[in-house]
*Asks:* 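Handing you this structure, nothing more for now.
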Amino acid sequence: MALPEFDYIAAKSLEEASQLMVSMGSECVVMSGGTDVILQIPKNVAKGMKTVIDLKTIPGLTRLDFVDGEGLYVGANTKLFDIQSSPVVLDKMPAVAQAAHYVGSNQVRRKGTMVGSICNASPTGDCGAILLAMNAKVKIQSSEGTREVAMDDFWPGFKKIAADKKKGELVTEIFIPELKSGEGSAYFKHAVRKAMDLAIIGVAAWVKMDGKKVADCRIAVAGGDVTIVRGKKAEEMIIGRELTDELIEKVAEQASAEMNPRSSLRASAEYRYDMIRVYTKRAINKAVETMKA
Amino acid sequence: MAIMSKEYYADIESVYKKPEDYELAGKGNAYIRIDAEAKVTGSAVYTDDVDLPGMYYCKLVHSPYAHALIKSIDFSEALKLPGVKGVLTGADFPEGHNLGNPEAFKELADKEPLCRKKVRMVGDEVAAVCATTEEIATQAAALVKVEYEVLEPVLDPFYSMQPDAPAIHYPGTSNLSIFTTMKAGDPDKVFAEADYTDKHYYRTQQMVHAAIEPHGAVAKYENNEWTVWTTTQGAYVSRYWIAWGLGVPESQVRVIKPMLGGGFGGKLDVFAHELCPCKFAQMTGHPVKCILKRDEVFMCTRTRHPISFEIESAFTKEGKLLAKRCKHILDGGAYGGSGIAANTLSLICATFPYKVENIDMTARRPYTNHPASGAMRGYSACQVHFAHEIHMDEVANALGIDPLELRRMNEITPYYTGPTGLEFTSCKFDECMVAVADYIDWKHRDRYPIGSGQGVGLSGSGFMSGTGFPVLVTPHYCSSSTIVRLNREGYAVVFSGANDIGQGCDTVMTMIVAEELGLRMDEVKLVQSDTTATPWDAGSFGSRVTFLGGNACRRAVGDAKFKLLSHWAEEWGCKPQDITMKDHRVFIKGDPEKNISYNEACFGYEEKNFGRCVAGVGSFAHEGDKDIYVKNVGNYATAYSFSASAAKVTVDMETGAVTLDDFAFGHDCGRPLNIRAVEGQIEGSVLLGFGFTCYEECVYDKDGKHLNPSFRDYHFPTALDMPKIKTFVCSEYDPEGPMGAKEAGEGSTAPVGSAIGNAINYATGLTLKELPITPEKLWRALREHEKTGKTVFGAEDLPEKFANMPPLPARD
Amino acid sequence: MKKIIHFTLNGEPVEALAPVNMTMVDFLRKEMHLTGTKRGCEEGECGACTILLDGRAVPSCIMLAMEADGHEITTIEGVKKNGVLHPVQQEFMDKWALQCGFCTPGMIMSALSLLNENPNPTEEEIRDGIAGNLCRCTGYVKIVEAIDCAAKKLAKAKEAEA
């Protein structure tokens with residue numbers, strides 16, 4: 001691919017990257033794995049981008065730690081491949097490992113990161129739904145300090161994220177709370193191919209059971225709107241109720257009804273609506289089946 | 001049809017090794033591909049790897065409109081860019097020298113090297129730029145300003161034929177690129193009297209070859225001669241059209257085919273990306289490279305013809321096929337090229353693999369403003385066998401006959417002659433069919449109730465083993481020639497024009513020579529696909545290389561062998577046929593005195609012949625009626641291959657997703673020359689057929705713009721999507737094939753789609769008549785079936801479209 | 001704009017002046033003259049350009065040459081060592097696991113990475129390991145077989161060593 005002219009800076013520290021971003025504003029883009037960003041370079045240069053700031057040269061951002069009683073910490077430079085193949089992630093939160101594994105191909109996942117995936121803010125991104133369903137939090141850092149943003153507030157709009165580039169804000173870490181006893185989660189992606197494909201839709205569910213009753217539930221849908229969103233009415237419908245196939249069917253219909261998918265080359269809105277219904281059902285069932293004892 | 005040259009080559013054939021003595025042919029693990037080491041170490045040189053000092057880069061400027069007139073081209077901004085070395089428009093090429101494919105149909109050549117006045121598809125090439133780097137050339141191409149007057153795009157092939165449709169090429173021709181008819185017997189009478197008649201409609205989509213190597217070329221101009229390294233499936237045919245397009249004699253163009261990263265029919269025609277570097281090389285004095293980007297490959301090369309079918313059949317109530325009437329409408333896209341053969345192939349394939357004595361078939365190929373359709377692996381056969389084999393199950397179910405038995409009842413048998421003169425030789429279709437049916441446990445198919453989400457399906461097909469048509473005008477319709485030289489230092493050199501496009505024909509030719517001479521594979525050196533160094537070959541298409549090229553190669557080595565053995569027969573007082581060549585030795589069996597090394601044998605021959613070396617020449621032609629390709633009466637190929645498929649699928653009845661659980665393939669390829677190579681061809685065919693059935697489709701908007709010209713949006717199966725594949729090679733020595741072989745590369749793609757399609761139909765209880773069967777399409781059908789009970793889906797608009805077609809023009 | 005990068009290429013240290021706007025695959029092919037790494041789609045979708053970055057298979061078409069700075073790069077040209085083919089290469093040859101060969105270098109790099117990470121892969125894991133490498137010729141059957149055989153050979157050799 002013949003790329004237009006631009007500059008490249010390998011940042012050595014968060015401070016350096018942050019300052020560069022403040023001074024360059026919209027004339028720079030940041031990348032870690034670069035698997036999305038490099039493809040967008042021609043378009044971004046045409047819009048005035050002059051510099052690519054590489055973050056993967058910043059030390060200390062490759063954390064992949066599971067802390068008992070807390071959850072999983074994923075650094076900004078932690079590769080998707082390491083998440084999908086981590087024994088502890090596979091053991092403690094398999095749905096997260098699976099979501100990571102759904103992205104592109106192994107080659108792409110050895111280069112790409114989970115933080116990059118959510119910062120790309122694709123409405124059909126493979127990692128966002130499970131993070132949203134599991135109530136993950138994102139750490140955002142700049143020279144002004146560190147703040148934590150819930151996944152619920154991470155995508156303010158289409159292709160937008162809560163970190164402000166002009167202020168030098170960078171996403172440095174994702175935190176996913178651990179699954180406690182009675183809690184389970186699952187993620188399904190629906191695509192035409194079994195690998196190397198973008199999602200038509202994806203549905204994640206997190207369920208907390210209290211005996212036969214659903215104590216709490218979060219349903220997140222990719223491909224249902226301009227960002228990855230929750231099916232809040234569907235969640236309300238299931239919380240506090242005894243779980244039956246009939247209820248799950250109704251909840252799935254509700255989750256579908258409250259979405260607003262669009263038609264594209266990949267699928268019609270009509271098909272997406274119904275697939276959201278089908279996979280909401282499957283995701284809830286699997287979350288319950290794989291619930292932690 | 002007797003092979004006329006049999007007598008001429010009788011002496012040569014008399015010294016051929018007997019099958020019982022073969023040490024390499026047919027032995028799967030006796031040898032490996034001659035290009036394997038170069039390919040696993042990265043040293044194999046493909047066109048994009050040709051790197052010459054001082055090389056410049058060429059980039060093409062494409063039309064964004066499907067149908068438009070070119071008003072002006074402005075290079076001023078592009079020329080300001082430092083590093084730009086030249087620009088080209090259509091006016092830089094001789095007018096009237098349009099590009100096509102068969103020399104005999106030169107009047108159908110319709111593609112200007114660069115468009116002069118009119119563009120006919122999105123991606124049509126209107127200009128070219130040359131610069132010192134690929135990056136600068138890319139920037140410069142983007143700066144070329146072309147002003148167009150946009151015309152109405154014609155995207156529906158049925159509309160294209162209507163009198164009020166705008167003319168794409170020639171006014172007053174109904175936009176017909178070519179039409180073809182094939183008739184035999186008295187179909188009208190049979191239809192009027194038959195127990196069972198029907199009429200069905202089907203449609204297949206546009207797909208692309210998707211070879212992983214993009215098209216490209218490197219040209220240099222030196223000593224008044226062009227040398228062109230290019231991604232071609234036929235160096236000689238490319239040479240002919242490059243010379244014609246440049247307006248220079250063929251003697252001044254040398255075409256070399258480096259390693260080719262897959263062809264599948266997409267690299268047969270000649271393109272702007274080959275001619276423009278030639279012109280720039282002459283203008284600048286530098287070598288020039290032009291490699292297409294993936295989106296250019298999608299939009300500007302070739303595609304598989306989408307076909308709309310109307311099929312009528314007449315059967316007895318017991319299931320005997322009496323007659324077929326069919327109409328095939330092929331969307332030709334913007335240009336002809338290799339695409340003009342599609343009609344004939346679609347009609348011939350419609351008579352395979354069953355005996356049908358009464359036929360009335362027509363095929364029309366209207367131009368549209370889609371990208372040009374052309375040859376593609378399983379040329380026309382994939383589409384035709386999809387429609388006709390889904391149809392076969394519909395007939396079986398209507399008659400209450402087991403679909404397997406209906407097929408076996410009507411199948412072609414060995415040495416059958418079809419009603420239009422197709423002369424079959426060996427035929428193991430029945431064995432293929434039975435093998436795959438047994439494997440998939442067809443007998444117990446009831447264990448998957450109809451509509452249960454699981455199902456099995458069968459399908460059968462046939463294909464021509466070696467299209468005899470030589471593309472260019474050649475003496476005696478010669479299709480392929482080979483030269484073999486025996487060297488007294490202990491090796492042989494084979495000069496083969498056959499074009500290895502990845503299928504492995506280089507290895508086949510080497511093996512044939514090694515086998516006949518009793519040499520090791522590495523003692524046979526191959527010189528290949530270079531119009532200066534190797535003799536004539538028509539190219540890799542029509543499943544012809546092993547059959548025609550292999551026969552030519554065997555005659556060449558036979559010629560050399562006969563000369564050598566005749567000399568030693570005289571010395572030893574025996575007949576040449578008494579002498580054996582094996583393990584690097586030349587000897588009479590059981591006679592220790594008459595046993596010398598290969599080197600001594602060659603040396604002795606040269607000693608006697610004043611130093612003249614041993615060399616052999618061989619050619620092969622399909623010696624049918626030369627008018628077959630115009631009249632469609634007579635024998636099309638020297639032999640025919642047969643195939644059968646069985647598929648087991650699981651359909652997710654909620655989402656429409658199809659999983660191909662298991663697949664069996666039976667292929668009658670004569671005696672396989674290498675079992676692993678044959679399996680490889682079949683396994684690749686299954687991938688192509690599965691993609692065709694469930695994944696692949698070029699999608700266009702209402703203006704004719706290609707919406708998915710990338711591997712991101714155009715999908716074919718990954719390793720995770722492919723099933724295990726069980727291969728049955730149902731072999732029988734074919735008397736005309738080289739060492740008994742028939743084709744294995746193209747016919748094997750033909751029955752894949754319909755086996756999967758039939759399996760999906762049983763799994764869902766629906767009948768799907770249109771490809772591809774994507775999850776969404778299947779989901780839509782399943783939901784509608786739930787609501788309305790409708791069971792037949794796809795091609796709903798075709799009855800009306802076929803009914804409203806204008807009459808065929810009169811044949812001049 | 002060009003910048004100096006330092007990296008290890010097939011075991012040898014390299015100092016190179018690399019154009020900033022050049023992808024790794026173009027840099028390897030045009031500047032390092034290593035043409036074994038192929039350009040198939042140039043958008044990370046086909047796997048023909050797969051190389052090893054610190055021993056792990058990555059697409060080199062969605063990688064900048066700049067990103068190689070300070071890392072170890074292995075291309076297909078670096079797999080055969082001291083004149084001896086790697087067992088994966090040998091098995092690809094012996095099993096006829098290639099046809100046109102254009103996907104082969106990338107396919108082999110993915111296989112090497114897979115076997116580093118998972119020396120005893122199941123068939124499904126092999127298929128997953130090469131799912132990012134498109135092959136239009138083979139239907140993947142013989143490729144899967146070759147990788148499986150190579151894995152077993154390597155395991156045996158390791159056993160013998162131990």
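Because the structure is predicted, anything quoted here is derived from the model rather than measured. Below, each value reflects all heavy atoms present in this structure, side chains not excepted, and no hydrogens, waters or symmetry copies. In what follows, every chain begins at residue 1, and chains take the letters A, B, ... in the order their sequences are listed.
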*Asks:* With chain A as the partner, which of C/P19, C/S113, C/G47, C/C61 has the greatest number of non-hydrogen pairs under 4.5 Å?
*Replies:* C/S113
*Asks:* For A/D7, is it the side chain, the backbone, both or neither that has a heavy atom under 4.5 Å from a heavy atom of chain C?
*Replies:* both
*Asks:* Using non-hydrogen atoms and a 4.5 Å limit, figure out which bit of A/L3 sits close to chain C: side chain, backbone, both or neither.
*Replies:* both
*Asks:* Go through the atoms of C/C46 and report whether side chain, backbone, both or neither lie under 4.5 Å from a heavy atom of chain A.
*Replies:* backbone
*Asks:* Determine, step by step, whether A/F6 and C/L64 satisfy the side-chain contact (heavy atoms from CB on, under 4.5 Å) criterion, reporting the C-alpha distance in whole Å, the side-chain angles of both residues, the deciding distance to 0.1 Å, and the verdict.
*Replies:* CA-CA 12 Å; A/F6 61 91; C/L64 301 173; 4.0 Å; yes
*Asks:* Taking side chain as everything from C-beta outward and backbone as N, CA, C, O, which of these in C/L134 sits under 4.5 Å from a heavy atom of chain A? Side chain, backbone, both or neither.
*Replies:* side chain
*Asks:* Quick one, A/S85 with C/E117, criterion side-chain contact (heavy atoms from CB on, under 4.5 Å). Give me CA distance, side-chain angles, the key distance, then yes/no.
*Replies:* CA-CA 9 Å; A/S85 49; C/E117 292 146 2; over 6 Å; no
*Asks:* So, for C/A131 and A/A195, which heavy atoms are closest and what is the spacing to 0.1 Å?
*Replies:* CB-CB, 3.5 Å
*Asks:* Contact part of A/K79 toward chain C, heavy-atom cut-off under 4.5 Å: side chain, backbone, both or neither?
*Replies:* side chain
*Asks:* Hey, are the side chains of A/M1 and C/E43 touching, using non-hydrogen atoms and a 4.5 Å cut-off?
*Replies:* no
*Asks:* Indicate yes or no for a side-chain donor-acceptor contact from A/E5 to the backbone of C/N21 under 3.5 Å, with no hydrogens or angles considered.
*Replies:* no
*Asks:* Nearest 0.5 Å, what's the CD1-CG distance between C/I130 and A/N106?
*Replies:* 10.5 Å
*Asks:* If you count heavy atoms of other groups shown closer than 6.0 angstrom to NZ of C/K156, is the number above 12?
*Replies:* no
*Asks:* Can you tell me if C/E72 has over 12 outside heavy atoms packed within less than 6.0 Å of its CD?
*Replies:* no
*Asks:* Is it the backbone or the side chain of C/M109 that comes under 4.5 Å from a heavy atom of chain A, or both, or neither?
*Replies:* neither
*Asks:* Between C/G44 and A/V108, which heavy-atom pair has the shortest distance, and what is it?
*Replies:* O-CG2, 4.1 Å
*Asks:* Does the A/R110 side chain pair with the main chain of C/V58, one donor and one acceptor, at a distance under 3.5 Å?
*Replies:* no
*Asks:* Test side-chain contact (heavy atoms from CB on, under 4.5 Å) on A/T57 and C/D69; report intermediate values, then the result.
*Replies:* CA-CA 10 Å; A/T57 40; C/D69 191 37; over 6 Å; no
*Asks:* Tell me, do C/E67 and A/Y8 make a side-chain contact under 4.5 Å, heavy atoms counted?
*Replies:* yes
*Asks:* Tell me, for C/D128 versus chain A, whether the close heavy atoms (under 4.5 Å) come from the side chain, the backbone, both or neither.
*Replies:* both
*Asks:* Please determine, among A/V37, A/D36, A/V45, A/T35, the option with the most heavy-atom pairs under 4.5 Å with chain C.
*Replies:* A/T35
*Asks:* Using a cut-off of under 4.5 Å for heavy-atom pairs, which of C/T50, C/I62, C/V25 has the most such pairs with chain A?
*Replies:* C/I62
*Asks:* Rounded to the nearest 0.5 Å, how far does CD1 of A/I41 lie from OG1 of C/T23?
*Replies:* 9.5 Å
*Asks:* In Å, rounded to the nearest 0.5 Å, how long is the span from CD1 of C/I51 to CD of A/Q107?
*Replies:* 11.0 Å
*Asks:* side-chain contact (heavy atoms from CB on, under 4.5 Å) for C/V20 and A/V52? Distances and angles first, verdict last.
*Replies:* CA-CA 10 Å; C/V20 165; A/V52 171; over 6 Å; no
*Asks:* Does atom NZ of A/K160 have more than 12 heavy-atom neighbours, drawn from other residues, nucleotides or ligands, at distances under 6.0 Å?
*Replies:* no
*Asks:* Does atom CD of C/E125 have more than 12 heavy-atom neighbours, drawn from other residues, nucleotides or ligands, at distances under 6.0 Å?
*Replies:* yes
